[in-house]
Peer 1: 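I have a structure here, written as structure tokens, and I will follow up with some questions on it.
Keep in mind it's a predicted model, so treat the numbers as computed, not measured. This chain uses plain numbering: 1 for the first residue, then up along the sequence.
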Amino acid sequence: MHLGRFSVAGVKVASEASGSTPEQDADANVPPMVLFESLCKALQENYPTLEFAGWRGDEWIPEFRTRIRAAPIREAAFELMNEFVCRLNDYPKFLARSSTMNMSSYGLC
């Protein structure tokens, strides 16, 4: 699954990063909860058949809001967003915040 680019608080965010750009650098200033809400919206508006992928947004979104708010560091919040997307059990998928992250820790779900 590839969501492409979407806008978060006026900042374009890529679901897969291939290099650091001004848009991606600006992402560092966007709070994780804003990104999570935009991720949820992007999934709901762009994923063709969420119900067939096992989507349980009424359960998952509140659960992950709580977990992301409690994340001790920004990277932990992104790990949780990755876990959220992986629940769709679709192949391939992973989230990348920037090209400087260690992608081997994300891998595929």
Peer 1: Work out which heavy atom in A71 is nearest to a heavy atom in A77; give both atom names and the distance.
Peer 2: CB-N, 3.7 Å
Peer 1: Any donor and acceptor pair, going by atom type alone, linking the side chain of N82 with main-chain N or O of F78 inside 3.5 Å?
Peer 2: no
Peer 1: Side-chain contact, heavy-atom cut-off 4.5 Å: W60 with L88?
Peer 2: yes
Peer 1: Roughly how far, to the nearest 0.5 Å, is the CG atom of L35 from the SG atom of C40?
Peer 2: 11.0 Å
Peer 1: P32 versus R69: any side-chain heavy-atom pair under 4.5 Å?
Peer 2: no
Peer 1: Holding to ring-ring contact (aromatic ring centres under 6.0 Å, His included), I want the full list of residues that pass it with F84, two or more places apart in sequence or in another chain.
Peer 2: F36, W55, F64
Peer 1: I'd like to check the side chain to side chain donor-acceptor pair (under 3.5 Å) partners of E83; sequence neighbours left out, ordered by chain and number.
Peer 2: R67
Peer 1: Could you tell me whether E79 and R74 make a salt bridge, using a distance below 4.0 angstrom between a side-chain N and a carboxylate O?
Peer 2: no
Peer 1: Could you list the residues that satisfy side chain to side chain donor-acceptor pair (under 3.5 Å) with R65, not counting sequence neighbours?
Peer 2: E37
Peer 1: Which pair of non-hydrogen atoms, one from L43 and one from L50, has the smallest distance, and what is that distance?
Peer 2: O-CD1, 3.7 Å
Peer 1: Report the residues that fulfil salt bridge (charged side-chain N to carboxylate O under 4.0 Å, His left out) with R56, sequence neighbours left out, ordered by chain and then residue number.
Peer 2: E59
Peer 1: Any chance you could measure Q44, atom CD, to I61, atom CD1, to the nearest 0.5 Å?
Peer 2: 4.5 Å
